[in-house]
Amino acid sequence: MKEFDVVVIGAGAAGLMCGATAGYRGKSVAILDMGKKAGRKILISGGGRCNFTNENTKPENYLCRNPHFVKSCLSRYTQFDFIDLVDRHGLAFHHKTLGQLFCDNSAQDIVDILMTECEWAGVEVTLRTEVLKVSKNEDGYYLNTSNGDYQCQSLVVASGGLTMPKLGATPIGYQIAEQFNLAVLPTTAALVPFTLHDHDKQRFDGLSGMSIDCLVSSENEQSFRENILFTHRGLSGPAILQISSYWQAGQAVSINLLPDLTLSELIASWRQNSPKKSLKNCLSEILPKRFIEILINEQAIPDKAVNQLTHTEIKQIHDYFHNWMIKPNGTEGYRTAEVTLGGVDTDELSSKTFEAKKAKGLYFIGEVTEVTGWLGGYNFQYAWSSGVACGLAV
Ligand code: FDA
């Protein structure tokens with residue numbers, strides 16, 4: 001049996017950060033992961049370039065039953081602290097829109113930085129080791145793994161969520177929480193594309209690959225201004241992924257297809273300047289033509305010259321484009337989702353240390369907790385921040 005001060009389950013973003021932080025404090029640390037490589041989700045993130053943080057990270061960018069929970073860790077280890085770390089390692093990176101930071105070369109650079117930090121901190125990272133069972137005895141925590149048994153004073157669960165099962169996602173973190181009588185909030189896929197009902201799929205067949213800059217709103221009035229993308233299964237694109245975290249089965253989403261314009265005013269100007277022009281041709285100047293043709297063919301909007309439109313029709317057309325309602329059939333689920341909504345209830349954890357209030361020496365960090373960030377580097381920032389807070393406490 002191997003003995004350590006700290007055992008971390010999961011060599012992902014949160015686990016590696018926590019392990020290195022604890023190692024630098026002189027703790028003996030083992031990080032165990034069932035994968036062949038460390039940081040497998042980091043490697044596939046951001047299209048292979050890892051959107052590793054967001055310069056504008058704020059507690060408001062997270063969904064959590066207790067909105068105050070993330071404040072402490074985000075303020076103790078900020079996005080700028082992580083930027084300092086990657087700067088010290090000479091990482092080449094660039095800014096994209098909305099404060100998102102990406103590697104210039106490859107996400108592998110982020111994994112290399114974390115593995116180097118672990119090495120410098122004297123942390124043992126052991127791969128191909130699946131944690132099968134955890135128990136508690138008078139000496140601390142005892143782990144049965146596919147690669148021998150471990151004993152530790154502090155057990156950190158950084159086993160992630162349920163997304164991408166083929167990358168080794170397991171429910172072990174939730175099972176350990178339940179074993180120690182901690183509440184786990186129901187889990188669902190988030191930051192995930194929507195699937196559409198068959199009739200909508202048929203309507204938009206042929207639009208696959210088309211994207212439109214929109215303002216998308218959920219029934220609880222959360223809005224995101226980014227692109228939507230038609231796919232052969234339904235709708236995706238950053239605005240759709242964002243709103244999926246706020247969507248519940250059976251609800252509709254409202255899509256403002258012309259967020260920078262007031263369509264009724266535009267129609268008035270068309271009526272004045274080119275009265276005989278068809279509505280179809282006018283609209284095709286501001287939205288993709290194939291999309292407008294579908295709406296005309298299904299008579300969602302009239303096929304008329306703009307000077308023939310009645311005032312009632314103008315109002316209906318205005319409302320239609322500024323509040324286009326779509327009722328998704330569901331989501332693509334954990335197979336393609338970026339994150340898991342729900343997880344270990346943060347009311348069960350200290351927001352300073354991430355230790356379970358009911359189980360001394362047991363900690364939960366990263367995605368296994370019910371904290372879910374927006375798209376745009378926020379999820380990795382929470383992994384870094386929760387990892388450091390916990391690594392300073394174990
Ligand atoms: P993570 O899932 O990374 O690590 C958990 C580890 O635990 C895994 O390595 C797993 O093998 C291991 N494990 C599980 N069960 C085990 C067991 N029983 N025994 C041993 N090991 C076990 N976020 C972001 O901010 N920017 C981005 O660009 C992206 N992009 C992105 C793309 C895609 C395709 C996905 C799926 C996700 C993203 N994300 C993202 C989200 C981000 O990847 C995610 O929030 C973090 O990886 C969570 O880090 P954790 O360390 O908590 O879990």
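Start at 1 and go down the list; that is how both ligands and their atoms are numbered.
Contact annotation: Ala38 has no heavy atom less than 4.0 Å from any atom of ligand 1. The closest approach between any non-hydrogen atom of Thr129 and ligand 1 is below 4.0 Å.
Follow the hydrophobic side-chain contacts under 4.5 Å out from Tyr77 and you reach Leu74 in the same cluster. In the hydrophobic clustering of ILVMFWY residues, with side-chain heavy atoms under 4.5 Å counting as a link, Val339 and Leu43 come out apart.
Using cut-offs of 30° and 60° for the angle between ring planes, the Phe69 and Phe354 rings count as perpendicular.
Among protein heavy atoms, the minimum distance from atom 21 (N) of ligand 1 is reached at Met34 N, 3.2 Å. At the shortest separation from atom 6 (C) of ligand 1 among protein heavy atoms lies Asp33 OD2, 3.4 Å. Ala13 CB, 3.9 Å is the protein heavy atom nearest to atom 49 (O) of ligand 1. Among all protein heavy atoms, the one lying closest to atom 15 (N) of ligand 1 is Thr170 OG1, 2.7 Å. The nearest heavy-atom contact from the protein to atom 24 (C) of ligand 1 is Phe380 CD1, 3.1 Å. Among protein heavy atoms, the minimum distance from atom 53 (O) of ligand 1 is reached at Gly160 CA, 3.4 Å. Glu367 OE1, 3.2 Å is the protein heavy atom nearest to atom 44 (C) of ligand 1. For atom 4 (O) of ligand 1, the closest non-hydrogen atom of the protein is Gly12 CA, 3.5 Å.
Listed by atom number, the atoms of ligand 1 under 4.0 Å from Asn51 heavy atoms are 24 (C), 25 (O), 26 (N), 27 (C), 28 (O). Set against the non-hydrogen atoms of Met164, the atoms of ligand 1 under 4.0 Å away are 34 (C), 36 (C). Per-residue contacts place Gly168 under 4.0 angstrom from the following atoms of ligand 1 (heavy atoms of the residue considered): 10 (C), 11 (O), 14 (C). Remark: ligand 1 atoms within the under-4.0 Å shell around heavy atoms of Ile44 are 34 (C). Under a 4.0 Å criterion applied to the non-hydrogen atoms of Ala337, ligand 1 contributes the atoms 36 (C). Atom numbering of ligand 1 starts at 1 in the shown order; those under 4.0 Å from a heavy atom of Gly10 are 6 (C), 7 (O), 12 (C). Listed by atom number, the atoms of ligand 1 under 4.0 Å from Gly46 heavy atoms are 28 (O), 30 (N). Of all the atoms in ligand 1, the ones that sit under 4.0 Å from a non-hydrogen atom of Val131 are 17 (C), 18 (N), 19 (N), 20 (C).
Heavy-atom neighbours of Lys327 NZ from other residues, nucleotides or ligands within 6.0 Å: at or below the threshold of 12. Around NE2 of His311, the count of heavy atoms belonging to other residues, nucleotides or ligands within 6.0 Å does not exceed 12. In the displayed structure, Glu298 atom CD is contacted under 6.0 Å by more than 12 heavy atoms of other residues, nucleotides or ligands. For Arg128, the CZ atom counts as loosely surrounded, since its 6.0 Å shell holds 12 or fewer non-hydrogen atoms of other residues, nucleotides or ligands. Residue-environment remark: NZ (Lys136) exceeds the threshold of 12 foreign heavy atoms within 6.0 Å. Within a 6.0 Å sphere centred on NZ of Lys133, other residues, nucleotides and ligands contribute 12 heavy atoms or fewer. The number of heavy-atom neighbours closer than 6.0 Å to NZ of Lys360, taken from other residues, nucleotides and ligands shown, is 12 or below.
The nearest pair of heavy atoms linking Cys103 to Ile110 is SG-CG1, 3.5 Å.
In the candidate list Ser45, Gly366, Gly15, Ser45 is nearest to atom 32 (C) of ligand 1, counting heavy atoms.
Remark: ligand 1 and Cys50 share no N or O pair separated by less than 3.5 Å (distance only, no angle test). Of the polar atoms of Gly35, none of the N or O atoms is found under 3.5 Å from an N or O of ligand 1, judged by distance alone.
At a 4.0 Å heavy-atom cut-off, ligand 1 does not touch Gln381 at all.
Atoms CD and OG, on Glu367 and Ser159 in that order, are 9.5 Å from each other to the nearest 0.5 Å.
One finds a salt bridge joining Asp347 and Arg65 here, because a Lys/Arg side-chain nitrogen approaches an Asp/Glu carboxylate oxygen to under 4.0 Å.
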